[in-house]
There are 2 protein chains.
Amino acid sequence: MALIDQLAQEFEVSIATVSRALNDKPGVSKELRDRIVARARELDYTPNFTARSLASSRTFNIGYFVREKPNLVLQQDPFYYEIQHGIEAVTARSAYHLSVATLTYSHIRKPSEFRPVSERRIDAMILAGPDIPTEFVMAMLKTSLPVVIVDNRLANTAVNSVNCDDEGGAYHAAQHLIRLGHRQIGVIAGPLAWASSARRLRGYTQAAQEAGLRLHILHEQETSLESGESALRRLYEAHPEITAIAAVNDAMALGAMRAAAQLGLRVPDDLSVIGFDNIAWGAMNHPTLTTMNIPKVQMGKEAAMRLLAVLEDPELMPSEIVVPVQLVERESTALRKEVNGQ
Amino acid sequence: MALIDQLAQEFEVSIATVSRALNDKPGVSKELRDRIVARARELDYTPNFTARSLASSRTFNIGYFVREKPNLVLQQDPFYYEIQHGIEAVTARSAYHLSVATLTYSHIRKPSEFRPVSERRIDAMILAGPDIPTEFVMAMLKTSLPVVIVDNRLANTAVNSVNCDDEGGAYHAAQHLIRLGHRQIGVIAGPLAWASSARRLRGYTQAAQEAGLRLHILHEQETSLESGESALRRLYEAHPEITAIAAVNDAMALGAMRAAAQLGLRVPDDLSVIGFDNIAWGAMNHPTLTTMNIPKVQMGKEAAMRLLAVLEDPELMPSEIVVPVQLVERESTALRKEVNGQ
DNA sequence: AGTAAAAACGTAAACGCTTACGTATTTAAC
DNA sequence: GTTAAATACGTAAGCGTTTACGTTTTTACT
């Protein structure tokens with residue numbers, strides 16, 4: 001493997017000059033620089049990043065750290081993988097490489113022992129997951145490494161963040177149902193502690209208020225398919241006049257559709273159902289699920305781009321990025337049938 | 001941040017002694033070593049990994065590189081994410097960190113410009129995906145870095161690999177149907193070029209031969225849910241006597257179930273269906289899908305463990321690891337109904 | 001007590017770059 | 001043509017460790 005010395009010897013110049021030539025720094029004549037660069041390509045010379053890091057105290061590594069879900073059976077949420085792909089798409093076109101790790105409870109407890117940071121392996125980091133404690137984020141900010149948090153919001157703290165527009169998305173979802181003529185709308189919500197659920201609920205409520213409607217809201221303790229099933233049954237029992245359901249996520253929406261089928265309700269003829277997330281199986285279900293798409297890949301891209309921007313200009317103030325969610329209209333929603341002229 | 005000099009000064013010894021104490025190398029009295037280690041913990045001293053790497057020429061980084069799917073719309077296959085989690089689970093307990101990247105066409109074309117390697121950022125790597133060209137793997141082997149390939153097999157080349165037992169799994173799947181009394185079994189296969197499909201098909205065939213049965217095999221050009229639908233329709237048209245379906249993957253199995261419902265066939269009463277993969281949606285479908293589970297997380301673990309083993313002992317010869325797949329019995333398969341005493 | 005071997009520690013040279021500073025050479029300005 | 005300011009390059013000191021090779025001290029053995 002070629003080293004910088006070799007190039008220096010070939011051109012009978014110092015390694016400092018070669019370094020300057022290769023790094024686009026001033027102090028080298030254009031003619032010499034071009035020849036050095038050309039020869040470097042020929043030799044497939046790539047600077048040893050370890051040596052470069054030590055000398056420049058930059059690793060050109062960024063970390064992507066996802067909080068493991070303590071409550072989730074399915075540890076590996078594809079949501080964060082799609083975000084990872086967005087991040088990769090951006091870093092691949094930069095000088096930076098991506099280092100990943102799962103944030104466990106022990107890391108959270110002892111941030112000072114979080115090795116990617118304590119060993120100074122990274123120049124900046126993306127922290128993903130709603131359940132990263134504020135204290136941990138604070139500890140990371142104190143390292144003075146640039147930080148972007150994704151799918152997480154911190155009140156009263158200046159930190160770069162990327163989130164989807166839960167409230168606006170839910171607002172549009174409800175409007176979609178209202179535009180289709182539905183006036184008796186049931187909402188299947190998650191636990192109150194789940195912040196996204198709360199925000200989405202606000203969006204639904206806002207749209208309903210503007211249309212002069214009152215929603216039939218049901219809170220579940222979980223956000224699983226099964227809880228969606230039971231939610232629909234209870235909702236329908238209490239309010240058989242309901243013609244549309246808005247669920248705070250796709251899993252619950254799919255559960256609601258399943259329960260509806262068991263009750264003899266046809267979707268979308270008797271009941272329209274809209275979800276939130278746009279998970280893969282929504283498109284495979286029968287009927288396919290109308291939902292609000294969260295642009296996960298884009299969220300990853302935004303996070304990575306923001307990080308690179310801060311790396312470029314450390315003076316940059318933190319910003320909160322909110323990406324819009326889009327309606328994906330599929331089979332599970334339809335015009336309300338005008339039964340009995342009601 | 002504490003540096004090694006600080007420790008050396010505190011104890012009035014040379015940094016060499018501190019380094020030896022911290023790295024469990026001989027040449028330090030037990031008493032001094034213990035005091036140094038204790039004090040290092042107190043100070044949260046962590047050696048700067050960049051300096052350590054440069055001096056020891058080891059990065060303590062391993063790479064996980066997944067081949068992007070040129071043909072797949074859904075670039076981010078959760079399959080490889082689960083493998084990533086398995087890898088992480090192992091590396092988290094080791095001194096190594098995980099660096100990820102997507103293998104694009106341009107990397108494949110010019111392996112010498114693959115930066116994680118050319119910049120010497122990693123000590124070893126895991127290559128995942130069936131469509132990594134042999135030449136690329138060869139190029140990586142030539143770097144003399146330890147390599148493990150996952151979900152990929154190379155003929156006539158000694159290389160560490162981790163794969164699932166396609167053939168054995170399919171054999172068991174077919175046996176499951178046969179044990180349930182089915183004798184007219186349809187097989188929904190993928191394109192001939194897809195190696196996994198071919199191996200699974202061999203497993204089905206083997207079991208059938210042993211039971212003295214002849215399968216009704218249909219090859220599709222794709223492996224999507226839609227092609228599973230059309231496959232079932234054609235299969236049922238040609239062979240209405242079929243009472244069970246074995247599909248080479250879950251997506252096609254789910255498609256077959258959907259088509260069956262449209263034909264008025266009840267699953268599992270009229271038709272048993274078994275898949276392969278155990279994708280998440282299979283458990284949410286109605287009825288839930290019986291399938292063969294590929295232990296993806298374990299595959300990741302095996303790959304990482306193998307890599308660590310080779311890193312420990314570079315003399316270790318390459319080995320081919322095959323992990324078993326297990327039957328996940330759910331609702332979509334049942335005993336064949338004895339119609340007309342047939 | 002004397003000697004050899006083992007253990008404990010120090011010295012200093014790497015590792016392969018970047019970069020502050022110094023020197024020589026060119027260009028620009030009058 | 002002289003002087004000042006750019007420009008081009010060289011020198012050498014890092015960056016924070018590891019480790020080969022010395023040197024000194026302790027241990028073991030006769």
Side-chain angles (χ1 to χ4, degrees), chain A residues 1-37 39-40 43-61 95 97 115-123 311, chain B residues 1-37 39-40 43-61 95 97 115-123 311:
Chain A
M1 287 235 176
L3 299 183
I4 200 171
D5 313 36
Q6 185 178 337
L7 279 168
Q9 282 179 22
E10 273 199 39
F11 289 92
E12 291 178 319
V13 297
S14 72
I15 60 169
T17 301
V18 177
S19 172
R20 279 188 287 256
L22 261 24
N23 290 313
D24 266 328
K25 301 227 164 156
V28 192
S29 68
K30 174 147 177 36
E31 186 251 358
L32 177 58
R33 179 192 305 276
D34 289 348
R35 281 167 55 214
I36 292 180
V37 169
R39 182 65 180 143
L43 290 176
D44 269 330
Y45 168 76
T46 315
N48 178 315
F49 114 98
T50 301
R52 173 192 280 237
S53 296
L54 187 57
S56 64
S57 59
R58 305 178 59 185
T59 65
F60 288 101
N61 249 128
H97 292 238
R115 285 175 33 221
V117 172
S118 67
E119 293 180 353
R120 272 136 295 176
R121 282 176 176 267
I122 55 171
D123 291 342
L311 248 5
Chain B
M1 288 233 174
L3 297 184
I4 200 171
D5 312 37
Q6 186 178 336
L7 280 168
Q9 282 179 22
E10 272 197 39
F11 287 91
E12 292 179 320
V13 296
S14 71
I15 60 169
T17 300
V18 178
S19 173
R20 279 187 289 254
L22 263 23
N23 291 313
D24 266 328
K25 302 227 164 156
V28 191
S29 69
K30 173 147 175 39
E31 188 250 359
L32 177 58
R33 178 193 306 273
D34 289 347
R35 283 168 52 214
I36 291 180
V37 169
R39 182 65 180 142
L43 292 176
D44 269 330
Y45 168 75
T46 315
N48 179 314
F49 115 95
T50 301
R52 175 192 279 238
S53 296
L54 186 58
S56 65
S57 59
R58 305 179 58 186
T59 65
F60 288 102
N61 248 130
H97 292 239
R115 285 175 32 220
V117 173
S118 66
E119 293 180 354
R120 270 136 296 177
R121 280 176 176 268
I122 55 172
D123 291 342
L311 248 5

(message) How many whole angstroms separate atom CD1 of I15(A) from atom P of dC9(D)?
(response) 16 Å
(message) Less than 4.5 Å apart, side chain to side chain, heavy atoms only: is that true for R52(B) and E119(A)?
(response) no
(request) Looking at every strand, decide which applies to Y45(B) at a 4.0 Å heavy-atom threshold: base, sugar-phosphate, or nothing. (result) sugar-phosphate
(request) Take the protein atom CD of Q9(A) and the nucleotide atom P of dG10(D), then report the distance between them rounded to whole Å. (result) 13 Å
(message) Does anything in residues 46-61 of chain B come within less than 4.0 Å of DNA chain C? Heavy atoms only, and list the residues if so.
(response) L54(B), A55(B)
(message) Tell me the interatomic distance from I4(A), atom CD1, to dG10(D), atom P, rounded to whole angstroms.
(response) 12 Å
(request) Look at all strands and tell whether E119(B) reaches a base, only sugar-phosphate, or nothing, counting heavy atoms closer than 4.0 Å. (result) nothing
(message) Let me spell it out: for each of T17(B) and A16(A), pick the nucleotide of DNA chain C with the closest heavy atom. Which residue's pick is nearer the 5' end?
(response) T17(B)
(message) Closest-nucleotide mapping onto DNA chain C: is S14(B) or N23(A) further toward the 5' terminus? I mean the 5' end.
(response) S14(B)
(message) Rounded to whole Å, how long is the line connecting atom NZ of K25(A) with atom C1' of dA8(D)?
(response) 17 Å
(message) Please give me every residue in residues 27-35 of chain B whose heavy atoms get under 4.0 Å of an atom in DNA chain C, ordered by residue number.
(response) G27(B), V28(B), S29(B), L32(B)
(message) Angle between the end axes of the helix from dA1(C)-dT30(D) to dC30(C)-dG1(D), five pairs per end, to the nearest 10 degrees?
(response) 30°
(request) Kindly indicate whether the side chain of V13(A), heavy atoms from C-beta on, has any atom under 4.5 Å from the side chain of V28(A). (result) no
(request) Nearest whole angstrom, please: distance from the P of dT18(D) to the CZ of R20(B). (result) 11 Å
(message) For a quick check under 3.5 Å, do T17(A) and S14(A) share a side-chain donor-acceptor pair by atom type?
(response) yes
